[in-house]
Amino acid sequence: MIEIVYKFLILSIIIELASRGYELKIGKLKDREIDFIAQKNDRIFYYQVAYLLTDEKTREREFGVYKSIEDNFPKYVLSMDRVDFGRDGVIHKNIVDFLSETV
């Protein structure tokens with residue numbers, strides 16, 4: 001069940017970013033993956049998507065992927081959590097709030 005919810009969340013983010021006019025790529029860093037690199041003109045955003053950040057291991061997996069990226073483009077972790085887990089300059093947002101934003 002969780003895998004189905006996760007796939008739905010991923011598809012929702014793909015549709016939303018595409019509707020905002022971003023070109024999407026998947027990022028590869030050694031043995032890790034960034035869910036989306038969204039680019040429009042010279043603007044780049046990084047996105048990790050998780051259903052819930054229930055434990056420290058999950059949070060480290062989702063936030064830790066950004067440790068080896070040294071640029072200053074915005075980095076996000078999106079999840080269904082309402083608690084703000086943002087850390088080390090990485091922004092955490094609730095997926096529903098993200099999808100509801102006006103751009």
Return the set of residues passing side chain to side chain donor-acceptor pair (under 3.5 Å) with R32 (not counting sequence neighbours), or none when no residue passes.
none
Partner set under side chain to side chain donor-acceptor pair (under 3.5 Å) for Y46, not counting sequence neighbours
D71
Set of residues satisfying ring pair (Phe, Tyr, Trp, His ring centres under 6.0 Å) with respect to F98, sequence neighbours excluded:
Y47
Would you name the heavy atoms of L24 and A38 that are closest together and state the gap between them?
CD2-CB, 3.7 Å
Pair R59 + E56, salt bridge at N-O below 4.0 Å:
yes
Minimum side-chain heavy-atom gap D97-R82 below 4.5 Å:
yes
How close do Q48 and I34 get, counting heavy atoms only, and between which atoms?
OE1-CA, 3.0 Å
Residues that E33 engages under side-chain contact (heavy atoms from CB on, under 4.5 Å), provided they are two or more places apart
I26, K28, D35
I'd like to check the side-chain contact (heavy atoms from CB on, under 4.5 Å) partners of F8; sequence neighbours left out, ordered by chain and number.
S12
What residues, two or more places apart in sequence or in another chain, satisfy side-chain contact (heavy atoms from CB on, under 4.5 Å) together with R61?
T58
With sequence neighbours left out, what residues match Y22 under ring pair (Phe, Tyr, Trp, His ring centres under 6.0 Å)?
F45
Partner residues of D81 under the side chain to side chain donor-acceptor pair (under 3.5 Å) criterion, sequence neighbours left out
S79
Side chain to side chain donor-acceptor pair (under 3.5 Å) involving K7 - partner list, sequence neighbours excluded
none
Salt bridge (Lys or Arg N to Asp or Glu O under 4.0 Å) contacts touching residues 41-55 (sequence neighbours left out)
none
Those residues at least two apart in sequence (or on a different chain) that pass ring pair (Phe, Tyr, Trp, His ring centres under 6.0 Å) with F85 are H92
If the condition is side-chain contact (heavy atoms from CB on, under 4.5 Å), which residues does I91 pass it with, not counting sequence neighbours?
Y76, K93
